[in-house]
Asker: 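One structure is given below, represented as structure tokens, and several questions about it will come after.
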Amino acid sequence: EMSPEERHFQEKIDAEIKIEAKNWMPEAYRRTLIRQISQHAHSEIVGMLPEKNWLTRAPSFKRKLQLLAKIQDEAGHGLYLYSAMETLGADRDEEVAKLHRGEVKYSSIFNYPTRSWADMGTIGWLVDGAAIVNQVVLQRTSYGPYSRAMIRICKEESFHQRQGYEILLTMMREGNDEQKAMVQDSINRFWWPALMMFGPTDTDSPNSAQSMAWKIKRMSNDDLRQRFIDQTIPQLELLGCTAPDPDLKWNEERGHYDFGEIDWSEFYDVLKGNGPCNRERLRTRREAIDNGDWVREAATAYASKQQQKQHAA
Ligand code: FAQ
């Protein structure tokens, strides 16, 4: 039996009316959103680290400015998402502390190393590309503040995707053989991890059924993954590159590309903290907090001095 609040909540969901911060909501709906939005925010923040690696080694001043601007956008997305999370009553410091203790998740993709300049192109093209496919749909998510955050973030993300693709196009069209090989090597390394960004298959996705019923999720993990592959293959062909998947093939009957089996043991291993860079990423985040301690202490000391002066006056 539904309570009047529950019934009213479900009627709004059914009628595509957004749930806002101060509206009544089931506790599990609130918890699911805090989980997903905090995870999303952590991904944006940790996602800056693989790119930071190439900031000082960008091949030109123009490329350096572009990369710097992209990384700053990601910081902004993280802060924007933490704010959306706070509207649900979660505490940002507490959630960040959980990240630093290794208790919560962020996207698996950011636990892979960035070995060449081509990786900056591939991340923009494939990783931001996958992020957009997921987030375009989340613009219609049922929680108002999250949905509005997605609208703004998608605009910036599609710009990132294009700048990444343009890096790769330039390398393929104007580069020497070594530079072209660098692009193919980069795609070989990021292809499968990018497909894993959409999460486990629908049959192994414990949160999907409830999140779809609440319209937090609007499309399933597998459907989004298929949409991403279908969209990406023409771009891959235009580059003149290939995917490291012998089973990738257009299926006329389905009207989609068929593709090979994802190595799920690798995915779950990364989720458990055993990917190539998990430890390094968390260590970098913890060090950033520790190294900034004196700034926060100084700011707090300054603020209390100002307050004392005001009281004295
Ligand atoms: N990595 O039952 P489901 C970006 C977890 S884009 C790690 O299917 P759900 C932009 C999942 O949390 C990346 N964990 O879960 C950028 C759950 O664990 P839990 C961020 C994953 O939530 C670009 C468990 O597996 N985007 O940052 C992953 O219904 C370039 C079972 O899975 C978002 O976060 C994974 N790949 O569906 C920045 C989008 N997949 O919490 C810098 C918003 C699944 O129960 C540079 N999130 N898990 O312990 C979502 O749409 C959903 O949360 C899914 C997962 C689709 C990711």
Side-chain angles (χ1 to χ4, degrees), residues 28 31-54 67 70-78 80-81 84-85 95 98-99 103-112 114 119-141 143 146-147 149-150 153-154 156-161 163-164 190 192-225 228 262 264 266-273 275 278 281:
R31 276 200 312 274
T32 298
L33 277 168
I34 292 174
R35 176 183 65 78
Q36 179 167 326
I37 301 174
S38 64
Q39 198 168 289
H40 197 163
H42 300 328
S43 303
E44 297 281 356
I45 299 299
V46 177
M48 295 193 281
L49 302 177
E51 293 173 310
K52 162 194 165 240
N53 191 30
W54 284 91
L67 187 59
K70 178 184 193 290
I71 295 173
Q72 283 177 335
D73 285 351
E74 279 147 15
H77 298 171
Y80 212 34
L81 284 162
M85 177 202 78
E95 297 307 318
K98 283 183 203 162
L99 169 71
E103 293 169 8
V104 293
K105 297 186 173 79
Y106 56 88
S107 184
S108 49
I109 189 73
F110 303 117
N111 293 304
Y112 291 85
T114 47
D119 290 359
M120 296 305 96
T122 306
I123 286 180
W125 173 47
L126 289 183
V127 176
D128 284 84
I132 298 167
V133 167
N134 167 279
Q135 289 171 172
V136 159
V137 180
L138 283 175
Q139 292 177 8
R140 293 189 295 115
T141 195
Y143 187 55
Y146 191 28
S147 139
M150 285 299 108
I153 290 174
C154 278
E156 296 186 345
E157 220 93 275
S158 31
F159 195 70
H160 295 169
Q161 200 258 356
Q163 71 85 39
F190 277 96
W192 291 109
L195 297 187
M196 294 174 195
M197 287 175 71
F198 296 95
T201 55
D202 295 347
T203 45
D204 290 321
S205 164
N207 300 300
S208 274
Q210 184 60 74
S211 286
M212 295 283 270
W214 277 330
K215 298 186 181 172
I216 291 175
K217 285 170 95 162
R218 306 301 308 249
M219 244 177 108
S220 85
N221 296 2
D222 285 331
D223 289 348
L224 287 169
R225 190 168 10 247
F228 171 70
I262 290 172
W264 293 111
E266 175 181 327
F267 172 76
Y268 289 111
D269 231 31
V270 174
L271 256 59
K272 273 191 244 140
N278 292 59
R281 298 290 182 244

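Both ligands and their constituent atoms are indexed starting at 1 by order of listing.
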Asker: Could you check E51, E156, E157 and say which one makes a side chain to side chain donor-acceptor pair (under 3.5 Å) with K70?
Answerer: E51
Asker: Answer yes or no for S211: is there a heavy-atom contact with ligand 1 below 4.0 Å?
Answerer: no
Asker: So which bit of P50 gets within less than 4.0 Å of ligand 1, heavy atoms only: side chain, backbone, both or neither?
Answerer: neither
Asker: N/O of D128 under 3.5 Å from N/O of ligand 1, yes or no?
Answerer: no
Asker: Does V127, backbone or side chain, put an N or O under 3.5 Å from an N or O of ligand 1?
Answerer: no
Asker: Could you tell me which non-hydrogen atom of A130 sits nearest to which non-hydrogen atom of F228, and how far apart they are?
Answerer: N-CE1, 3.4 Å
Asker: Regarding D222 and R225, does a basic nitrogen lie under 4.0 Å from an acidic carboxylate oxygen?
Answerer: yes
Asker: Where the closest heavy atom to atom 49 (O) of ligand 1 is concerned, which of K105, M197, E156 has it?
Answerer: K105
Asker: Is there a side-chain contact between Y112 and V270 in this structure, where contact means two heavy atoms from C-beta onward sitting under 4.5 Å apart?
Answerer: yes
Asker: Can you check which of H42, E74, R35 brings a heavy atom nearest to atom 42 (C) of ligand 1?
Answerer: E74
Asker: Compare K217, M219, E157 and give the one whose heavy atom is closest to atom 9 (P) of ligand 1.
Answerer: K217
Asker: Assess H77 for proximity to ligand 1: is some non-hydrogen atom of it under 4.0 Å away?
Answerer: no
Asker: Which ligand 1 atoms, with their elements, are less than 4.0 angstrom from a heavy-atom of A131?
Answerer: 6 (S), 10 (C)
Asker: Using a 4.0 Å cut-off to any heavy atom of K70, which atoms of ligand 1 qualify?
Answerer: 30 (C), 46 (C)
Asker: Is there a side-chain contact between D128 and I123 in this structure, where contact means two heavy atoms from C-beta onward sitting under 4.5 Å apart?
Answerer: yes
Asker: Pick whichever of N207, I123, N134 has a heavy atom sitting closest to atom 2 (O) of ligand 1.
Answerer: N207
Asker: Which atoms of ligand 1 have any heavy atom of G199 under 4.0 Å away?
Answerer: 40 (N), 44 (C)
Asker: Quick check: closest heavy atoms across A131 and M197, and the distance to 0.1 Å?
Answerer: N-CE, 4.2 Å
Asker: Backbone, side chain, both or neither: what part of H40 comes under 4.0 angstrom of ligand 1, heavy atoms only?
Answerer: both
Asker: Using side chain to side chain donor-acceptor pair (under 3.5 Å) as the criterion, list what pairs up with T114, not counting sequence neighbours.
Answerer: N53
Asker: Is there side-chain contact between R35 and N207, with heavy atoms separated by less than 4.5 Å?
Answerer: yes
Asker: Any idea which of S205, S107, A75 brings a heavy atom closest to atom 8 (O) of ligand 1?
Answerer: S205
Asker: At the 4.0 Å heavy-atom cut-off, does Y146 count as touching ligand 1?
Answerer: yes
Asker: How are the rings of F267 and W264 set relative to one another: parallel (under 30°), tilted (30 to 60°) or perpendicular (over 60°)?
Answerer: perpendicular
Asker: How close do I216 and L33 get, counting heavy atoms only, and between which atoms?
Answerer: CD1-CG, 3.9 Å
Asker: Between H40 and Q135, is there a side-chain donor-acceptor contact under 3.5 Å, judged purely by atom types and distance?
Answerer: yes
Asker: Determine, considering heavy atoms only, which of F110, Y268, F198 sits nearest to atom 16 (C) of ligand 1.
Answerer: F110
Asker: What part of L271, side chain, backbone, both or neither, has a heavy atom within less than 4.0 angstrom of ligand 1?
Answerer: side chain
